[in-house]
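Notes for the one structure printed next.
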Amino acid sequence: MKELIDLTSIGITLPITDPTWIFFLVLVIILFAPILMGKLRIPHIIGMILAGVIIGEYGFNILERDSSFELFGKVGLLYIMFLGGLEMDMDDFKKNKTKGLVFGFWTFVIPMALGILSSMWLLGYSFVTSTLLASMYASHTLIAYPIISRYGLARTRSVSITIGGTAVTVVLALAVLAVIGGMYKEQVSGSMYWILLAAKVMILCALIIILMPRLCRWFFRKYDDSVMQFIFVLSMVFLGAGLMEMVGMEGILGAFLAGLVINRFVPHISPLMNRLEFVGNALFIPYFLIGVGMIIDIRCLFREGEALKVAVVMIVIATISKWLAAVITQKSFKLKKSECNLIFGLSNAQAAATLAAVLIGHEIILPGGERLLNDDVLNGTVVMILFTCIISSMVTERAAKQIVAEEHDGNSTDDKQKKEKENIMISIANPETIEGLVSMALMIKHPKEKKELVALSVINDSNTSEAKEMMSKRNLEKTSMIAASADTTTKTVLRYDMNIAQGIIHTAREYEITDLIIGLHRKTNMLDSFFGTMTENLLAGTHRQIMIAKLLIPVNTLRRIVVAVPKEAEFEAGFSKWVTHICRMGKILGCRITFHASEQTMAYMKRIIEKEGANTFTVFSVLEDWDDLLMLTKEVSYDHLFVIISARKGSISYQPSFEQLPTLITKYFSNNSLLMLYPDQWGDPEELMTFTEPRRVASKSAYDSVINGLYKWFKKEQ
């Protein structure tokens with residue numbers, strides 16, 4: 001054991017063993033490494049690893065790699081894999097699953113082939129040793145994933161392909177490790193070991209996929225406390241990892257699978273997602289990277305022996321094989337060069353499964369007394385980890401910048417053509433509905449739009465009191481806190497007005513609001529209307545899109561969105577906007593959207609949906625007559641969101657039967673989460689003077705009833 005360095009003159013003993021100072025030094029590294037690396041224009045991840053080399057046993061021996069680094073390092077490794085599954089765009093993953101499988105095949109086969117050949121011919125190792133060494137090249141760790149998250153590229157096509165391929169190659173590499181390790185276990189022999197292993201893994205994966213979603217849905221509906229939800233998600237991650245280790249596989253596979261399963265319950269833009277990313281990127285992942293650096297011994301390259309030769313061969317083979325796999329995938333599916341570079345950068349780093357393989361192989365003693373993987377391979381592996389992590393970080397950083405620049409150039413023309421910026425306002429009245437309304441606003445908000453939300457609370461001048469003012473201020477403060485936890489700023493407005501509806505309308509004009517979200521009015525007496533006088537005045541006083549929400553369960557537990565669309569809705573000014581918002585909502589929630597509309601309207605909707613890239617989330621059903629709305633009662637369940645696209649009086653898609661909607665909703669859809677959406681219409685009501693709109697519209701004329709009856713009878717006869 002290395003003797004402790006005693007600096008008695010200043011009272012410091014190295015390595016430092018006091019937990020307080022250990023944690024302080026780690027935090028200093030996490031704080032200043034990105035600052036220094038940023039000035040040198042080097043990826044931050046490299047700074048963490050190099051800092052680990054400097055302070056570790058093979059550097060200045062400031063800290064030793066004790067149990068705290070093993071604990072937090074393992075947590076950080078599992079966190080990387082978990083975030084990879086959690087942040088994956090499942091829609092894009094489904095569309096690119098074939099590409100992911102192809103990349104996973106090539107990124108396993110090519111390193112295995114080159115690794116076996118190079119190890120046997122250049123290094124003179126046996127076939128079993130060469131196979132285990134090749135499996136280390138085949139696996140890779142998403143070390144550079146935090147770079148992807150920082151650039152907002154976690155849900156792009158190339159990242160989905162890489163993550164899908166990572167799952168494939170890691171499983172296969174771990175299977176090779178399990179088989180070779182099992183060959184030297186006395187209790188298991190022959191092919192029986194890996195047959196049992198495969199059976200156990202398949203059963204466990206099935207149980208996780210079937211049971212974990214049900215458990216998540218039950219918990220999120222029952223408990224809405226943010227801390228409890230965070231702890232619950234973490235417990236699911238480590239439950240999946242622990243169970244996977246129990247059956248003989250590495251925990252990273254279980255953490256990744258847990259991320260995929262929990263994906264749809266944690267919206268990409270939500271307070272919970274922000275907390276999960278923050279804790280991982282601020283503490284756990286840096287701890288893991290520093291720990292990786294602490295095991296790297298640079299001095300071994302300059303000693304006598306085969307360590308330098310082994311290290312060079314390992315670095316070259318690992319890098320070339322991963323580059324070839326990325327290039328073949330690019331040529332096969334005609335990807336961009338920047339996408340190829342991103343795939344190569346993400347898949348080049350070796351750490352997790354590589355460390356597991358080399359440590360297991362180093363501990364296996366062959367009958368002749370030598371180790372399956374000798375000291376040269378062990379030292380060469382840690383050097384390979386350092387170089388591949390550096391290459392991975394630099395290539396990923398450069399590719400990410402290039403993709404962001406390409407997206408900016410591609411969208412510059414569209415940005416110039418935008419007539420208005422997106423400004424969303426939430427009208428706050430009931431503290432129980434605040435979280436649901438904020439969640440709705442975050443889901444329809446464009447992910448790249450940095451404009452702050454506007455939260456408004458209006459107090460009636462004729463019925464004001466100090467208690468109401470304090471309650472309104474608390475509601476606005478709560479709204480701001482919920483939005484801030486999702487990394488979104490909020491402009492809070494407390495307004496006094498003689499009329500609440502006019503207060504909302506005037507505020508919307510002052511802040512150039514494009515979308516307004518309010519809660520559904522609660523009837524106070526038998527004579528009160530379904531929407532209430534305030535909502536009716538609001539609809540009549542503004543031409544902007546208004547969303548009226550009634551959420552009975554948390555939005556992240558919704559399983560389906562059912563949308564009822566009236567005839568000629570495509571002719572409304574806000575048609576493309578609300579279709580885009582619904583698609584955006586479905587993609588974030590990861591749930592299926594069923595549109596019920598006429599065939600003509602569906603044709604227009606499909607074009608917009610295809611442009612938004614939400615095809616895999618949408619299903620279409622013909623709804624020719626609005627009177628058939630009652631047929632949807634069989635399709636809308638408690639955990640569905642029922643969206644009704646309505647229209648203001650006098651607009652193109654308005655139908656007299658809209659007057660019966662309150663009665664239908666109250667009678668047949670009272671136990672469903674509901675969203676009433678009134679699209680933008682042409683012109684501002686307060687700028688128009690017209691006598692065409694009637695003071696009162698009959699619910700349905702006798703003429704319409706006779707014509708519709710004859711039409712249905714004639715249709716049946718045909």
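Treat the numbers as computed from the prediction; the structure is a model and nothing was measured. Just so you know, residue 1 is the first one in the sequence shown, and it goes up from there.
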In terms of side-chain geometry, is the basic nitrogen of [X] or [Y] positioned less than 4.0 Å from the acidic oxygen of its partner?
X	Y	value
R584	E422	yes
K577	D680	yes
K445	D515	no

Please find the pair of heavy atoms, one from [X] and one from [Y], that lie closest to each other, and give the distance.
X	Y	value
I513	T507	CG1-O, 4.5 Å
A564	L632	CB-CD1, 4.0 Å
L442	P271	CD1-CD, 4.5 Å
G259	F82	CA-CD1, 3.6 Å
A258	M236	CB-O, 4.0 Å
A441	I424	O-CD1, 3.9 Å

With side-chain hydrogen bond (donor to acceptor under 3.5 Å, both in side chains) as the criterion, how do S457 and R495 come out once you've worked through the C-alpha distance, each side chain's angles and the decisive distance to 0.1 Å? CA-CA 6 Å; S457 181; R495 189 184 188 107; over 6 Å; no
Applying salt bridge (Lys or Arg N to Asp or Glu O under 4.0 Å) to R221 and D639, what does each step give before you reach the verdict? CA-CA 10 Å; R221 286 179 183 171; D639 52 0; 3.5 Å; yes
Between atom [atom1] of [X] and atom [atom2] of [Y], what is the distance when rounded to the nearest 0.5 Å?
X	Y	atom1	atom2	result
T492	E452	OG1	CD	9.0 Å
M228	F219	CE	CZ	4.5 Å
L677	I644	CG	CD1	11.0 Å
F230	S235	CZ	OG	10.5 Å
K478	T490	NZ	OG1	14.0 Å
L83	L78	CG	CG	11.0 Å

Note, [X] side chain near [Y] side chain (heavy atom, < 4.5 Å):
X	Y	answer
I553	S673	yes
I517	M425	no
T594	I561	no
F232	L215	yes
V619	I593	no
N423	V454	no
R559	C591	no
L453	T488	yes

What orientation do F595 and W578 show, parallel under 30°, tilted 30 to 60°, or perpendicular over 60°?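 Correct class here is tilted.
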For K550, run the side-chain contact (heavy atoms from CB on, under 4.5 Å) check against N672, L641, L674 and tell me which one passes.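 Among N672, L641, L674, the one meeting side-chain contact (heavy atoms from CB on, under 4.5 Å) with K550 is L674.
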Side chain to side chain contact (heavy atoms under 4.5 Å, CB included) between H596 and V562, worked out: CA-CA 8 Å; H596 297 269; V562 181; 3.7 Å; yes
Between K606 and F620, is NZ or CZ placed under 6.0 angstrom from the six-membered ring centre and within 45° of the ring axis?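 Flagged: K606 positioned over aromatic ring of F620.
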Using the ring of F220 (Phe, Tyr or Trp, six-membered ring only), decide whether R217 places NZ or CZ under 6.0 Å from its centre and within 45 degrees of its axis.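 Checked: cation-pi criterion not met.
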Say whether, by atom type as modelled, one donor and one acceptor occur between the side chain of [X] and the main chain of [Y] under 3.5 angstrom.
X	Y	result
H506	G503	no
S160	T156	yes
N460	N499	no
R214	I210	yes
S270	M273	yes
S480	E477	no
R648	T542	yes
N556	F265	yes
N263	L86	yes
T433	N430	yes

Test log, rule side chain to side chain contact (heavy atoms under 4.5 Å, CB included), inputs I608 and F575: CA-CA 10 Å; I608 301 172; F575 176 71; 3.5 Å; yes
As a test of understanding, state which of F238, F278, F284, Y287 forms a ring pair (Phe, Tyr, Trp, His ring centres under 6.0 Å) with Y79.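 Answer to the ring pair (Phe, Tyr, Trp, His ring centres under 6.0 Å) test with Y79 among F238, F278, F284, Y287: F284.
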Go through it in stages, so that I can follow the logic: the residues are D497 and Q502, the test is side-chain hydrogen bond (donor to acceptor under 3.5 Å, both in side chains), and I'd like the CA-CA distance, side-chain angles, deciding distance and then a yes or no. CA-CA 7 Å; D497 206 295; Q502 287 300 316; over 6 Å; no
Under a 3.5 Å cutoff, is there a donor and acceptor pairing between the side chains of [X] and [Y]?
X	Y	result
T601	E570	yes
E572	S653	yes
Y654	E659	yes

Counting heavy atoms not belonging to [X], are there more than 12 under 6.0 Å from its [atom1]?
X	atom1	answer
K451	NZ	no
E469	CD	yes
E635	CD	yes

Would you please test M676 and I665 for side chain to side chain contact (heavy atoms under 4.5 Å, CB included) and show each step? CA-CA 10 Å; M676 292 284 294; I665 293 172; 3.7 Å; yes
Step by step, work out the side chain to side chain contact (heavy atoms under 4.5 Å, CB included) result for S226 and R275. CA-CA 9 Å; S226 58; R275 295 186 189 102; 3.4 Å; yes
